[in-house]
Amino acid sequence: MTYNFNEIEAKWQKYWSDNQTFKASNTSDKPKYYVLDMFPYPSGAGLHVGHPLGYIASDIYARYKRHKGFNVLHPQGYDSFGLPAEQYAIQTGQHPALTTETNIATYRRQLDQIGFSFDWSREVRTSDPKYYRWTQWIFIQLFESYYCKDSDMARSISELVSVFETEGNTTINAVCDDDTPSFTAEEWKAFSDVEKQEILLKYRLTYLAETEVNWCPALGTVLANDEIVNGVSERGGHPVVRKKMTQWSMRISAYAERLLQGLDTIDWTDSLKESQRNWIGKSVGASVTFKVKGHDEVIDVFTTRPDTIFGVSFMTLAPEHDLVSQIVTDEQKEAVEAYVEATSKRSERDRMADVKTISGVFTGAYAEHPFTKEPVQIWIGDYVLASYGTGAVMAVPCGDQRDYDFAKHFGIDIPNIFEGVDVSEEAFASKDNVKIANSDFLNGMNYKKATKRAIYELEQIGQGQGKTNYRLRDAVFSRQRYWGEPFPVYYVNGMPQMINEKHLPITLPEVEKYLPTETGEPPLGNATDWAWCTNTNSVVSNDLLVSSSGVETSQDNGVYPLELNTMPGWAGSSWYFFRYMEDAMRNETFASEEALKYWENVDLYIGGSEHATGHLLYSRFWVKFLKDRGFVGVDEPFKKLINQGMILGTSAFMYKLICWHGADNSDEVLNFIEQTKDSVFMSESFTKGYNVEKNLEVLSKDKLNSEIDLHVLTIPSFLKSNFPGNDSIIDNLKFGFQKFQVDVNLVNSSDELDINGFLNHQLYQEYKNAKFIFEEGVYKVGREVEKMSKSKYNVVNPDAICEQYGADSLRLYEMFLGPLEQYKPWNTAGITGVHGFLKKLWKLYYNDQGFKVTDAEPTKDNLKTLHKTIKKVEEDIENFSFNTSVSTFMIAVNELTAQKCTSKEILEPLLVLISPYAPHIAEELWSAFGHDTSISTVDFPVFEASHLVESSKEYPVSFNGKMRFKLELPLDMAKDEIEKIVMAHEKTQAQLQGREPKKVIIVPGKIINIVG
RNA sequence: GCUCAAGUGGCGGAAUUGGUAGACGCGCUGGAUUCAAAAUCCAGUUUCUUCGGAAGUGUGGGUUCGAUUCCCACCUUGAGUACCA
């Protein structure tokens, strides 16, 4: 019997599917455990070997937990809204739903062949109306909520309205926009309906606001910062402008403090928590109000250093600051306007990139120092950002390097307020070990005391107070795209209204084109038929009907426009982990109360670190919101989180010879150069000794050493023999090369190119007549480790691996490659190691005659091998150190093979240990014992320490900490006895060469160290 | 610039409270088997060596009987973030 992995794997995959082996139950006596992967976006390219890494790790853990007696939920689904399907639709007209469907089918086939223990009965797809119905529902709940600072939680907006009706908004402590006016109950009652809605919008947790965005008119969409390169769009190179647009936003800033505090309660890596902390960017300080001389306006600033307030010698406003145009003097008007104009043309990114250039303009206006009442110059400068704090700073040049540089550059005073510190060269930014001077009531105080006192004094004169500022900004929630969730929103008199819940889902309408409309509206503006109302049977008086241009009510027959934006990718991914908890996929709620109560939150979440500040922050925000409103019982979505590292590809490079002539541009020469273009490829070793010139690697003769000289000679002589009759031209040519990635499938493990394969490959038709400069008779490619990607031609497909070596080999090898969290290069050649291991494992159970396991009593050695393996594997899985348990399995199988072990008592539990990693072979061998049920829920073997007890120890004997020889001694031997034997040993005497040891250290059971 | 992570053979990596550096695998070398190849099996494989040994975990210091592991400084690489007041 041989190990026929293809047959075995297909058999067990079918068995698991037919028997619903991994279907989780929402009722069980066992403790629950929820293992989740970040669900994939089903791209058209399918899976490469890098994708399953995290899924294999989570699958091993899920299977292990089942063996350990847990009721495990291990679901999978698809984040199926997104840009690539939409781009494809724009290019081909193919509906994104169809593309998505096809891609999902491919993903499913590829995932199935790897043997994951997913409960597919709970699959979710974010683009499924049955799913996004609840995304829309959550959006409505956010709209119907505000954030109450007193109870520190979200509450219903109706509670806010009743407070307004009785007290106005002067007493309530709620999160709202900065420009919210104050009003009394009477004033509130007097507001028109539209005015009331405008006010409420400033409190809602999702709201419409003017947001500055990167608008690309040619693409008709908003671009993220990283989609812009050098001021033009990355795709197509179209111009991009800063533009204010009305967009939906999420008031995540209300949750800043709780998102920060919550990090202390979850088991994530420090680096990930640190990213989130930086992103939230909490800073504690004070807000200070400066009066503007000769104006009624005041300027508010935020500072982390109120203790340095007497060091203020000027103020700087962001060029975009609202007050600039009001306070500028006539003399300075021209200069200021020119500066504001110049700044507005530079993107935010340009301004950030160009840190060294100091620029700014004096406004001519003066503020008044809150304490000294001295005049303070007001400048504008682009080092102050409109989007952070209040867009204005009080400049303390002696205590802040940027203020210092600005003051130096424009010749502004730099008063020193630090005792015994020299600020003639640079600012003193440290808070420690210094006392404040020249500062009236703050003199002689340290940072802490002075800060407290300064805030107190500011409060006394009504010009400031302690304040905490967060960098975290509200998240824009609108996209001008087609393939996303439609908003359940229509507009009456310009104010957004929620569509009644009973009409959900608001399904995505069909459109002719997936591009923006001619009037610049998002793609949904092309829709003529919004079919969502067909879901309800009866239409009552205040129900909404759909017409081609919007919605209408049967009451007044008015027609109201619908929201045409769609939601961003992170909408659906911010709550999907709750949907999996629902076992029957009931549609009365997003997940039933019992299901939410039973599964609580995700115990283990595995995914990439690229989501550190996006998905992982938004999900935490939504979960806290849902908790506040009583829809879920947990405060955090993911208790433990592990970031799997990326598997990198090994790209193969070919080198195209480029010839040119520095001086002679005659037709003859140009002709020859044209002839050799795209037709000569040099082997990797010929690329050494080149310098970069004109974006090419150029062979530079003066920098050569003798080894490379040979190459200098080889290239001309190669050309001479392949292009005869051009000797004199060739002698005067310069050479360089251009490298490009060649498909790794055309290269073998010795880096040799398959020449015939290359010449006949349809990708390389332009090189049909290529000539190759060989190295030792073959064409050798260069290698570089890069991200695995189709565009780099370095993708390794798991299908091919499964076919040739099997899924169990793939699973083991992905784990064997290295620590889960680490980035590591893929090298297919190495898979023979784990594949060979599986064959060896098979041979422990089968020989040519058949199943060879016996009832023989296990030997002491057999038991020792088994139990040290149990111990190690259990520890490894608990520590997510999967690579080391693969080694442990190899050692165990090598030892048992050497021991000629055939004992059932050893070989049966061994299978349970291996089963999480290589489930197919484990099931097959398990069934060979006569078991007729799956191995997947068999109890994990119990470690017994008694089998590992030793009577003697091979002591390492060290001299000055260096191990020199070993000595076998009984473990129960006393220290002084050991010392006697060691000192008498001939090798000890040889080491000491007659000297007396200074000291002898003996740690019983561990080591002997002799200090000479 | 700041924050975080990481530097160990030809390669991926191991060494879990400081106690035998290089487990396990790939690759490579030699051998067995074979007409031959694949597959399989056996032996070797950090470097230097006068074959006794000696050095060695990015660099330089330190703590310790003993450091890949702890401390300080520096170098390199990767990731994130950035004029954050």
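In this text the structure is predicted, and so the values were computed from the model without any measurement. Proteins get letters first, then strands, A, B, ... in listed order; numbering begins at 1 in each.
- Annotation: of the two residues near RNA chain B, A/Arg964 and A/Leu817, the 5′-most nearest-nucleotide partner is A/Leu817.
- Between the side chains of A/Ser313 and A/Asp413, no donor-acceptor pair is found at a separation under 3.5 Å.
- Rounded to an integer number of Å, the gap from A/Asp751 CG to B/rC11 P is 14 Å.
- Residue A/Lys792 holds its NZ atom at 4.5 Å from CD of A/Glu786, rounded to the nearest 0.5 Å.
- Between the side chains of A/Ser253 and A/Asp474, a donor-acceptor pair is found at a separation under 3.5 Å.
- Of the options A/Phe290, A/Tyr404, A/Phe410, A/Phe406, a ring-ring contact (aromatic ring centres under 6.0 Å, His included) to A/Phe314 is made by A/Phe406 and by none of the others.
- In this structure, CG of A/Asp400 is placed 13 Å from P of B/rC83, rounded to the nearest angstrom.
- Ring orientation note: the planes of A/Tyr61 and A/Tyr64 are tilted relative to one another, at an angle of 30° to 60°.
- Note: CE (A/Met646) to C1' (B/rG80) measures 13 Å, nearest angstrom.
- Across the protein-nucleic acid pair, A/Asn278 atom CG and B/rA79 atom P stand 17 Å apart, rounded to whole Å.
- For the pair A/Phe428 CZ and B/rA85 P, the computed distance is 17 Å after rounding to whole Å.
- Among the atoms of the strands shown, only primed sugar atoms or phosphate atoms (P, OP1, OP2) are found under 4.0 Å from some heavy atom of A/Tyr823.
- When the P atom of B/rG13 is taken as reference, atom CD of A/Glu814 falls 14 Å away, rounded to whole Å.
- Here B/rA79 sits opposite B/rU3 as a Watson-Crick or G-U wobble pair (both hydrogen-bonding atom distances under 3.5 Å).
- B/rG62 takes the anti form, because its glycosidic angle lies more than 90° either side of 0.
- Residue-level contact check: A/Glu821 touches neither bases nor backbone, having no heavy atom under 4.0 Å from any strand.
- Base orientation for B/rG52: syn, the chi torsion being within 90° of 0.
- Between A/Glu895 and A/Ile891 the shortest side-chain heavy-atom distance falls below 4.5 Å.
- With sequence neighbours excluded, the residues that form a side-chain contact (heavy atoms from CB on, under 4.5 Å) with A/Met963 are A/Pro956, A/Ser958, A/Lys966.
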Reading 5' to 3' through nucleotides 15-30 of chain B, protein heavy-atom contacts under 4.0 Å coded B for base, S for sugar-phosphate only, - for none: -BB-BBS-BBSS----

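- When the P atom is compared between B/rA14 and B/rU8, the two are found 11 Å apart, to the nearest whole Å.
- The OH atom of A/Tyr3 sits 13 Å away from the P atom of B/rU40 (whole-angstrom rounding).
- Across every strand in view, B/rA73 sits in a pair with B/rU59 that passes the Watson-Crick or G-U test at under 3.5 angstrom.
- Both A/Ser609 and A/Ala392 sit near RNA chain B, but only A/Ser609 has its closest nucleotide nearer the 5' end.
- As a whole-Å value, the separation of A/Arg305 CZ from B/rC84 C1' is 15 Å.
- When both distances must be under 3.5 Å, the Watson-Crick or G-U wobble mate of B/rG66 does not exist.
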